[in-house]
Amino acid sequence: MGFGVFTSKTFLILLSLIFLAAAAALGYVGINLVVTYKQYEKFLQNAYVMLPAIIILAVAVLLFIIGLLGCFSSIQESCCGLGCFITLISIIFAAGVVTLLLGLVYKDKIDSEVEKNMKFLFEQYNGKTAGSSAVDFIQEELQCCGILNYTSWANATFYQTNHTVPQSCCKRNETNCKGKLDALNMINTEGCEKKLEQLIHEVLGFAMLVILAFAVLEVSVEEAD
């Protein structure tokens with residue numbers, strides 16, 4: 001075996017291993033997006049928010065297949081397998097660009113979606129429904145209270161009836177908290193809307209950063225070929 005052939009074979013095997021690692025990274029990002037959506041799905045009811053996550057997971061699966069195909073083709077020195085390997089890389093690159101564009105487009109739509117659904121759920125809160133559980137979850141998880149801040153509860157039916165904010169507004173470890181607004185030191189005062197928007201933007205931003213890095217890698221690979 002010549003040195004050039006050995007070098008090319010080693011390069012393709014290394015490249016295939018990189019694709020396997022990229023598949024694992026994208027799989028993690030995609031699952032993280034799905035988990036975030038599932039946790040806050042009451043506030044993100046439109047299915048389009050899930051599109052980037054679905055495409056990322058599909059790309060991760062294809063990357064895993066490509067990585068295995070690349071390793072097998074390199075070891076077996078299969079011209080057909082290597083041809084498929086390069087073709088699939090081009091397809092994955094196109095999918096990555098589409099995912100990146102979808103992330104940029106839907107990132108701007110998320111704020112209005114969160115605001116609309118959050119306003120509805122907070123207005124309907126009574127402490128008993130599934131929507132109320134979603135409100136409690138977000139207030140406990142993000143350590144927030146109300147939409148803009150704790151005063152958002154003042155106009156809600158729940159507060160007007162009970163004269164307290166929900167227990168989920170209470171700070172962690174405040175066992176004596178009753179949700180009274182005259183004991184602000186015991187409740188979280190920051191609003192939930194901006195915190196949720198910030199969380200979703202961070203997750204999407206991380207996903208787009210990974211996809212962009214992968215797109216740069218693919219361009220480098222195609223130029224090398």
Side-chain angles (χ1 to χ4, degrees), residues 28-54 56 99-210:
Y28 170 79
V29 170
I31 291 172
N32 195 24
L33 279 173
V34 172
V35 169
T36 302
Y37 173 82
K38 286 297 181 181
Q39 286 180 328
Y40 304 104
E41 62 182 339
K42 291 289 184 182
F43 303 95
L44 299 166
Q45 294 180 353
N46 284 346
Y48 64 68
V49 180
M50 282 286 285
L51 279 176
I54 293 171
I56 287 173
T99 305
L100 189 62
L101 292 175
L102 282 173
L104 291 171
V105 170
Y106 293 136
K107 192 175 181 181
D108 293 333
K109 293 184 178 182
I110 285 174
D111 291 354
S112 59
E113 182 76 12
V114 168
E115 181 181 1
K116 179 184 69 175
N117 292 326
M118 187 170 285
K119 184 178 180 181
F120 173 78
L121 289 171
F122 274 75
E123 287 175 350
Q124 300 297 315
Y125 183 90
N126 61 12
K128 300 175 182 178
T129 63
S132 296
S133 296
V135 171
D136 286 332
F137 174 80
I138 189 177
Q139 292 194 146
E140 291 172 357
E141 188 71 16
L142 301 183
Q143 291 292 280
C144 57
C145 184
I147 299 174
L148 300 178
N149 53 49
Y150 70 97
T151 62
S152 298
W153 281 108
N155 297 322
T157 304
F158 180 84
Y159 180 79
Q160 293 172 357
T161 302
N162 300 280
H163 305 293
T164 63
V165 295
Q167 289 289 305
S168 54
C169 280
C170 294
K171 292 180 179 178
R172 289 172 183 166
N173 301 323
E174 286 289 354
T175 55
N176 295 322
C177 176
K178 304 298 181 183
K180 298 284 188 180
L181 292 187
D182 57 359
L184 293 181
N185 60 310
M186 292 187 177
I187 67 172
N188 298 299
T189 56
E190 291 184 78
C192 296
E193 183 180 334
K194 288 197 175 297
K195 281 198 168 187
L196 180 56
E197 289 171 357
Q198 182 180 359
L199 172 66
I200 296 171
H201 285 189
E202 286 176 356
V203 173
L204 276 177
F206 176 69
M208 288 188 286
L209 183 64
V210 172

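- Every residue was checked against the side-chain hydrogen bond (donor to acceptor under 3.5 Å, both in side chains) condition with Ser152, not counting sequence neighbours, and none meets it.
- Residues that satisfy the ring-ring contact (aromatic ring centres under 6.0 Å, His included) test with Tyr150, not counting sequence neighbours, are absent from this structure.
- Looking at Phe158 and Phe122, their side chains never come closer than 4.5 Å, going by heavy atoms from C-beta outward.
- With a 4.5 Å cut-off on side-chain heavy atoms, Tyr125 and Asp136 count as touching.
- By the side-chain hydrogen bond (donor to acceptor under 3.5 Å, both in side chains) test, Asn162 is found to be paired with no residue, residues two or more places apart in sequence or in another chain being considered.
- Of the possible polar contacts, one joining the Ser132 side chain to the Asn126 backbone as a donor-acceptor pair under 3.5 Å is found.
- Listed by first and then second residue, the salt bridge (Lys or Arg N to Asp or Glu O under 4.0 Å) pairs involving residues 182-194 are Glu190-Lys195 (not counting sequence neighbours).
- For Gly146 against Trp153, the heavy-atom pair with the smallest separation is N-NE1, 3.2 Å.
- Met186 contributes atom CE, which lies 5.5 Å from atom CG of Asn176 (distance to the nearest 0.5 angstrom).
- Atom OG of Ser168 is separated from atom CD1 of Ile187 by 10.5 Å, given to the nearest 0.5 angstrom.
- The backbone N or O of Lys171 lies less than 3.5 Å from no partner atom in the side chain of Gln143, so there is not a single donor-acceptor pair.
- Taking Thr189 as the reference, nothing meets the side-chain hydrogen bond (donor to acceptor under 3.5 Å, both in side chains) condition, with sequence neighbours excluded.
- A 4.5 Å side-chain heavy-atom check between Tyr159 and Leu181 finds at least one atom pair inside the cut-off.
- Counting heavy atoms from C-beta outward, Val165 and Gln139 have side chains that stay 4.5 Å or more apart.
- Taking NZ of Lys119 as the start and CD1 of Ile147 as the end, the distance is 7.5 Å to the nearest 0.5 Å.
- Gln124 has its side chain out of reach of Thr129: every pair of non-hydrogen atoms, C-beta onward, lies at least 4.5 Å apart.
- Expressed to the nearest 0.5 Å, how far CG of Asn188 lies from SG of Cys177 amounts to 8.5 Å.
- When all heavy atoms are compared, the tightest approach of Ile138 to Val135 is CG2-O, 3.0 Å.
- Under the rule for a side-chain hydrogen bond (donor to acceptor under 3.5 Å, both in side chains), Thr157 has no partner lying at least two apart in sequence or in another chain.
- The shortest non-hydrogen separation linking Cys145 to Cys192 is N-SG, 3.7 Å.
- Between the SG atom of Cys169 and the CD atom of Glu140 there is a distance of 9.5 Å, given to the nearest 0.5 Å.
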